[in-house]
Every structure is written in C-alpha cells, then in structure tokens.
Protein chains: 2
Amino acid sequence: MSPEGDGVTRWRRVADDIRSNIGDGIISDALPSELELAARYGVNRHTVRRAIAALTADGLLRVERGRGTFVNSKPQRIVYPIGSRTRFSENMLKQSLEPSGRLIKSDFVLSDLVMATLLGCRVGTRLHRLDSLSVADGIPLSRSTSYFSAERFPGIIDAYAETGSITEALRREGVVDYRRRETRLTAERISAKDAELMSCAADAVVLISKAIDVDLEGQPVQFIRTKFLADRVELVMLQN
Amino acid sequence: MSPEGDGVTRWRRVADDIRSNIGDGIISDALPSELELAARYGVNRHTVRRAIAALTADGLLRVERGRGTFVNSKPQRIVYPIGSRTRFSENMLKQSLEPSGRLIKSDFVLSDLVMATLLGCRVGTRLHRLDSLSVADGIPLSRSTSYFSAERFPGIIDAYAETGSITEALRREGVVDYRRRETRLTAERISAKDAELMSCAADAVVLISKAIDVDLEGQPVQFIRTKFLADRVELVMLQN
DNA sequence: CTCACTTGTCTAATTGTCTAGACAACTATT
DNA sequence: AATAGTTGTCTAGACAATTAGACAAGTGAG
C-alpha cells in the first residue's frame with residue numbers, strides 16, 4: 001500500500017478477526033475477556049471494546065456486564081444454488097422467500113472486444129445495459145448489471161421493468177429457455193453507491209459473479225455481472 | 001455500524017470505489033481530474049490523492065503530472081477451475097505455474113454435530129485438523145483448513161507435510177481418487193493473521209469455499225474450508 | 001506566449017483514532 | 001461478607017485522518 005497504513009482502523013481489524021474466528025468455529029460461546037483480547041491483538045482495551053460494540057450492533061455478540069461477552073446464534077445466510085439452470089425467482093420461492101426485482105438504470109453501450117467475444121457479436125454492436133436489484137422478502141441480496149444485444153432483444157428493458165424478472169423478460173423476447181454456460185467468481189469490498197442501494201454497512205463485502213447465459217441453440221443471450229452481499233448470501237454448487 | 005463510522009477511512013473507500021469502477025469497465029482509460037473526483041465523492045482533494053496514491057502503489061493507476069491519471073493494464077487473476085474434480089496442483093500446472101503447499105499447523109479436534117453430519121461420522125470422533133497454505137510460483141493464493149477422520153487417515157498429516165499435496169497425501173492413505181460433492185461460497189474481509197500468512201494487504205478480501213470431497217464409494221473423506229485471496233484468484237465453473 | 005487545466009507540495013486547523021490509567025458497577029465463588 | 005474477575009465510564013494526551021487554502025510546476029491548445 002501507499003504512504004502508511006491500509007485505511008482500515010485497528011478496531012475494525014479486530015472486529016473482522018473475531019467475526020472470522022466465529023465463522024470458523026474457533027470461538028463458539030464465550031469470548032476471552034476484553035483484557036485478554038487486548039493483549040492478544042496488541043491493542044488497548046478501548047480498541048477491543050469498540051470492535052465488540054460494532055459486532056454487538058450487528059447482532060453477532062451479546063455483552064453481559066460482569067459476566068463476559070458471548071456469541072449469539074448466527075443468522076443463517078440465504079442459500080443461492082448455482083448450476084446450469086440458475087433462476088433467482090425459483091431459488092427464493094423454494095426457500096419460502098418472496099422474490100422481487102427492481103430496475104435501477106438502463107442505457108446503451110457499444111460492445112468492445114471483450115464483450116463482443118463473450119456475447120458472440122461484432123465489436124461496436126449496440127447493447128442494452130440493465131442495472132437491477134434483487135430482493136428477497138424485502139431484503140436486498142444482490143445488484144446485477146446485464147448486457148443484451150439491443151438488436152435481438154429490443155424490448156427487454158420494458159419487459160424487465162414490468163415483470164421484475166429477467167427470465168420472464170427473456171421469455172417475452174422469444175427465449176423460451178436458457179442455461180448457464182460459465183460462471184466466474186471473485187470478491188471485493190463494496191462500493192459506496194452499492195452500499196446505499198442495498199442498504200448495508202459501508203464496509204461490507206460483495207461476492208462478484210460474472211456469467212454467460214446461452215439459449216437452447218448455445219447462442220449467448222446475456223452477460224451478467226452480479227454482486228451478492230456476502231453476509232446475506234451463500235452460493236451453493238452441487239457437483240454432479 | 002455502532003458508534004459512528006465503519007472503521008474504513010474515506011480515502012480507502014474512494015480507492016475501493018475507483019477500483020470497482022475500473023473492474024466494471026466504467027472507467028477504462030483516463031480518470032476524472034482530482035478536483036472532479038473530490039467533488040463527486042464529497043471529499044477533499046487530498047483525500048482523493050491519497051486514494052490514487054494507494055492504487056498507484058498497487059500498480060493499477062499511473063499518474064502523469066499536468067496531464068491526468070490513467071488506468072494501467074490490469075494484472076490478470078489466476079484462474080482456478082472448480083468442478084467435480086478439483087485439484088490444485090493440476091490446475092496450476094495447466095497454467096504453467098509451479099504449485100506448492102506448506103503445512104502451517106495441525107492438531108486434533110472432536111467432531112461436533114455439524115462436522116459429524118458433513119463427514120458422516122459420529123459426534124465426538126477424533127479428527128485431524130490441517131491448516132495449509134497453497135502457493136503458485138511463490139505467490140500465496142489461499143489458506144485452507146481440512147478435517148479428516150483420524151481413525152481412517154492416521155498418517156495424513158505426515159503425508160501432507162512430505163508431499164505438500166492433499167491429493168498425494170490421500171493417495172498414500174488409500175484413497176485412489178476422490179471427487180467434489182458440494183461447494184459453498186461466501187466472502188469476507190481477511191483476518192490479520194491470514195493477511196500476514198499470505199503476505200497481502202491487511203484490507204484484502206477473501207473468497208471462502210466450504211467443500212466436501214467424497215471417495216469413489218461416496219463416503220466423505222474431507223471437509224475443507226479454503227480462503228482464496230480475492231484479488232489474486234478467480235474461481236471458474238464450467239456448467240456442463 | 002498566454003491561458004486553462006492538470007498534478008505536486010506546503011502550512012495550518014479540525015476531527016477522529018488509539019493509548020494509558022483510574023475507578024465504578026456487576027457477577028460468581030468462597 | 002469478602003474477593004477475584006468481569007464490563008462500563010471517565011479523563012487526558014499522542015498521533016493519524018481530513019479539511020481548507022495557497023501556490024508551484026507541468027501539459028496542451030489557441
């Protein structure tokens with residue numbers, strides 16, 4: 001990194017480490033005392049207290065004066081299966097969650113070399129770019145940016161705006177079915193704009209999925225980049 | 001978050017947002033001027049400059065005095081295919097990278113209900129816990145914690161320490177082949193300890209994979225939790 | 001050259017983070 | 001009741017982050 005420091009405060013690093021230890025099962029019930037944690041992390045007790053305050057505000061910890069600090073039952077992440085037939089709405093309904101989608105923004109872009117290769121079109125082709133938000137039971141789970149051929153799917157934006165479902169919008173544009181060809185995954189810290197859109201902490205982490213969906217003839221219909229809120233979603237792949 | 005602020009400095013959030021915009025292709029060549037960025041993010045110009053300094057130190061940006069700030073060609077992430085036959089060594093060799101593994105720590109734990117269910121053993125069974133580091137061409141890519149039945153694989157730790165490969169260690173313990181049954185993915189900020197182990201920035205993000213590998217009879221042989229450095233690795237799934 | 005625009009550098013003041021120490025308040029055990 | 005161990009709260013100072021303003025220095029166009 002640059003001059004000095006990494007832009008993350010000590011208390012947040014302590015908080016992240018405690019959270020990580022809980023996730024790994026290293027800490028399961030009672031935390032070490034504040035003094036012991038301070039010694040272990042090489043920070044002042046006040047710094048540990050601030051970390052604990054943050055995790056308490058997140059509902060992960062519970063502090064009992066005079067007794068100690070304890071781990072609350074962890075809220076489960078929503079399971080999101082990924083396979084050759086990945087459908088947001090179906091996934092949510094199977095878990096008794098009410099799915100919905102909201103259009104954030106849409107515009108046109110010209111395909112560059114990378115996008116043309118992915119979508120199997122010529123460089124310079126007009127593409128619909130569709131920014132959307134996926135919600136389950138009122139909780140934002142992910143934000144996606146999709147790219148469609150504007151030539152092949154002239155009405156896709158309106159169709160999505162009406163239905164809130166990409167599957168349904170594609171059906172209206174003549175794609176009876178499609179399947180996932182490839183999914184690439186990575187992760188990064190959330191951007192300020194996305195944190196606001198998904199109403200989450202500004203220090204959250206997103207799981208980024210870049211995928212290509214193809215129709216029954218194997219022709220790409222969309223390239224979709226989705227940013228899942230990592231603390232609300234768990235992607236699951238069942239290997240055949 | 002709790003009292004106020006999220007423990008991430010303004011300049012880092014600006015840096016993260018710029019990096020995210022570059023990754024999304026929103027910024028491709030020249031950045032807006034420092035003054036414009038400052039206005040856009042609602043921060044002082046010096047704060048923007050610090051963000052740019054951090055990204056420049058990472059090699060992502062290039063600053064030319066009097067002209068502006070520009071995006072460098074992005075360094076590619078190492079591709080890590082995930083499927084029913086996921087093998088670290090084979091994956092790396094195919095990309096002309098020299099794989100190696102290093103034992104960090106090993107000990108015994110007693111399986112709790114969750115672990116017993118995953119591994120198909122009884123609660124209270126002794127398990128080997130193996131912490132290891134995976135490296136490609138000298139660059140740490142991931143840190144894993146594996147759980148094996150100590151009864152079935154008594155010599156697995158020594159075998160791994162010698163070979164640096166879990167596949168090879170399992171072979172020595174009588175598992176001629178194994179395949180992936182299930183992979184669950186999420187992400188979080190890196191812990192301080194892992195940041196040191198993998199010699200990366202303290203504010204990095206890890207992609208967490210929890211997986212179950214089974215032998216040819218379908219019996220679980222290991223539960224493995226891997227933390228991939230998100231800015232060095234891209235997981236790829238080719239849907240059949 | 002002149003001008004507008006860009007990045008580089010310096011000073012100063014304000015705010016937030018972290019450390020240090022002290023003491024109060026609560027809990028469980030003896 | 002006494003004690004050891006825990007969390008809660010207050011003070012104060014050192015240091016880092018952020019803001020504000022000013023000016024230097026490089027670039028490119030007219």
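In what follows, chains carry the letters A, B, and so on, assigned in the order in which the sequence lines appear, proteins first and then strands, with residues in each chain numbered from 1. Just so you know, these numbers come straight off a predicted model, no measurement behind them.
Screening B:Tyr80, B:Phe228, B:Phe88 for a side-chain contact (heavy atoms from CB on, under 4.5 Å) involving B:Leu141 leaves a single residue, B:Phe88. Between A:Asp16 and the choices A:Arg13, A:Arg19, A:Arg12, the side chain to side chain donor-acceptor pair (under 3.5 Å) rule is met once, by A:Arg12.
Contact annotation: side chain of A:Arg45 to base of C:dG21, donor-acceptor pair absent below 3.5 Å. Put simply, the side chain of B:His46 and the base of D:dG21 share a donor and an acceptor less than 3.5 Å apart.
Atom CZ of A:Arg10 is separated from atom P of D:dA17 by 11 Å (rounded to the nearest Å). D:dA17 atom P lies 14 Å from atom CZ of B:Arg13, rounded to whole Å. Spacing between atom CG of A:Asp203 and atom C1' of C:dT17 amounts to 16 Å, rounded to whole angstrom units. Computed from coordinates, the A:Leu35 CG to C:dA20 P distance equals 13 Å when rounded to whole Å. Rounding to whole angstrom units, CD of residue B:Glu34 and P of D:dT18 are separated by 16 Å. Summarising the geometry, the separation between CG on B:Asn44 and C1' on C:dT9 is reported as 14 Å, rounded to the nearest angstrom. Going from atom CZ of A:Arg12 over to atom C1' of C:dT17 covers 14 Å, rounded to whole Å. Across the protein-nucleic acid pair, B:Arg50 atom CZ and C:dG8 atom C1' stand 16 Å apart, rounded to whole Å.
You'll find that the side chain of B:Ser33 is closest to C:dT6, out of C:dG8, C:dT6, D:dA20. Comparing D:dG8, D:dT27, C:dA20 by their closest approach to the side chain of B:Arg67 singles out D:dT27. The side chain of B:Arg49 lies closest to C:dT7 when the candidates are C:dT17, D:dA20, C:dT7.
By the neighbour-count criterion of 12 heavy atoms within 6.0 Å, atom CZ of B:Arg126 is sparsely surrounded, having that number or fewer from other residues, nucleotides or ligands. Atom CD of B:Glu196 is surrounded by 12 or fewer heavy atoms from other residues, nucleotides or ligands within 6.0 Å.
B:Thr69 has no side-chain polar atom (N or O) that falls below the 4.0 Å cut-off from OP1 or OP2 of C:dT6. OP1 or OP2 of D:dT19 has at least one side-chain nitrogen or oxygen of B:Thr47 nearer than 4.0 Å.
With ring centers used as reference points, A:His128 lies under 6.0 Å from A:Phe108.
Both A:Arg65 and A:Val43 lie near DNA chain C, and the one whose nearest nucleotide falls closer to the 5' end is A:Val43.
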